[in-house]
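Report on the following structure.
Counting convention: from 1, in listed order, for ligands and their atoms alike.
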Amino acid sequence: MSSTTGSPILETVNLRKSYFMGKVEVPALRGVDIKVEEGEFVSLMGPSGSGKTTLLNMVGMLDVPTSGTVRITGIDTSLLSDVEKSEFRLEKLGFIFQFFNLFMELTAMENVILPMMLQGKGKEEYLRKGEELLKVVGLGERMSHYPSELSGGQQQRVTIARALANEPALLLADEPTANLDSQTSIEIVDLFGRINKKEGKTIFMVTHEEELGRRADRIIRLRDGLVVG
Ligand SMILES: Nc1ncnc2c1ncn2[C@@H]1O[C@H](COP(=O)(O)OP(=O)(O)OP(=O)(O)O)[C@@H](O)[C@H]1O
Ligand SMILES: [Mg+2]
C-alpha cells in the first residue's frame, strides 16, 4: 500500500451517502468534492444535520459511501478489504471524538501506549514515545493519572496524544471540544494548531463554532450535504 506522491492526503470525488429509514431515503451527502493537502489544518463547518459527521465517518472508513470516491494518501479506500481497512486506520489515521473514549481503568500513559502495543512496537519504544507525546500535549506531570483524575480538557489532551501515537498521515477530529468550556476549547484547538505547525500533521476538524473553525488555515463549509462557498 504505497502512497502516490503528489496526491492530496485526502480527496473525495462526488461523494454521496444516503441513509434509509424504511423506504424513505435521507440524503446526507449529495456529491461532495474536497481536497486536503499534506500539512494543512482544515476545519469542516456547517449547521446541524449538514453532513459533517457523515463525511468524517466516510473519510475514517467507519461507514461506506453510497457512491463516489474517498482517496487517502492517493489510495482509493473502496478497494480495501475489511482487514486492510483496519490496518489502514491503525497506520494512517488518528481519531479524536467528542466523547473522550478513554479507558477509565487505564492511566493516561497506558491509554496512549495502547495503539502502539497493538501495532506490536517494542516496550522501550512505546514507553519513550508515550512520554514524549504526553509532554507534547502538556501532560508530562500527569502521566500516571487515571481519566477520572483529569479535567475534561486534560482528558481530551490524552486522546490527542493517543491519536498521534501511530504517527498518522491524517488526524480526524469530530467536535473535539463539544464537551469543553469555551476557554478550554480554545486551548485544545490551539494545541491542534501547534501540532500542525510543529509536527507538520495534517488535521481535518469538525466544529460548528465559528471562533474555533477560524483558527484553522482553511474552512470547508457544508450545507444540506453539499460544499458551499
Ligand atoms: N444513522 C442514520 N440514519 C438515518 N439518518 C441519519 C443517520 N445519521 C445521520 N442521518 C441524517 O443525515 C443527515 C446528516 O447528519 P450528520 O450527523 O452527518 O450531521 P452533522 O452535520 O454532523 O450534524 P451535527 O452538527 O448535529 O453533529 C441528517 O439529516 C441526519 O438526520
Ligand atoms: Mg455531527
Note: ligand 1 atoms sitting under 4.0 Å from heavy atoms of Ala28 are 12 (O), 13 (C), 14 (C)
When you compare the side chains of Thr53 and Asp174, does any donor N or O come within less than 3.5 Å of an acceptor on the partner? yes
Check for me whether Pro47 has a heavy atom closer than 4.0 Å to any atom of ligand 1. yes
Ser50 N/O under 3.5 Å from ligand 1 N/O: yes
So does Met21 have more than 12 non-hydrogen atoms from other groups sitting under 6.0 Å from CE? no
- atom 30 (C) of ligand 1 touched by protein heavy atom at under 4.0 Å: no
*Should the heavy atoms of other residues, nucleotides or ligands under 6.0 Å from CD of Glu141 be counted, would the total exceed 12?*
no
Could you check whether Asn14 and Arg16, counting side-chain N and O atoms only, form a donor-acceptor pair closer than 3.5 Å? yes
Gly49, any N or O under 3.5 Å of ligand 1 N or O: yes
message = Please determine whether the number of non-hydrogen atoms from other residues, nucleotides or ligands lying under 6.0 Å from atom CD of Glu210 exceeds 12.
response = yes
Here the atoms of ligand 1 under 4.0 Å from any heavy atom belonging to Thr54 are 14 (C), 15 (O), 16 (P), 18 (O)
Given a cut-off of 2.8 Å, the protein N, O or S atoms lying below it from the Mg ion (ligand 2) are Thr53 OG1
among protein heavy atoms, the one nearest atom 9 (C) of ligand 1 is Tyr19 CE1, 3.3 Å
Item to check | Under 3.5 Å side-chain donor-acceptor pair for Thr184 and Glu187 | outcome: no
With sequence neighbours left out, the residues meeting side-chain contact (heavy atoms from CB on, under 4.5 Å) with Tyr19 are Lys17, Val26, Ala28, Thr54, Asp63
| Crowding at CD, Glu38 (>12 non-hydrogen neighbours, <6.0 Å) | no
Between Phe41 and the options Asn196, Ile195, Val36, the side chain to side chain contact (heavy atoms under 4.5 Å, CB included) test singles out Asn196
Polar contacts were defined as any N/O atom of the residue lying under 3.5 Å from an N/O atom of the ligand; does this apply to Gly51 and ligand 1? yes
Task: Validation row: Met58, Leu29 side chains within 4.5 angstrom (heavy atoms) - done: yes
re atom 27 (O) of ligand 1, the protein heavy-atom contact at minimum distance is Thr53 OG1, 3.9 Å
Partner of Glu40 under salt bridge (charged side-chain N to carboxylate O under 4.0 Å, His left out), picked from Lys35, Lys201, Lys197, Arg218, is Arg218
When distances are taken from atom 25 (O) of ligand 1, the protein heavy atom at minimum range is Lys52 NZ, 2.7 Å
shortest atom 26 (O) of ligand 1-to-protein heavy-atom contact is with Ser48 OG, 2.6 Å
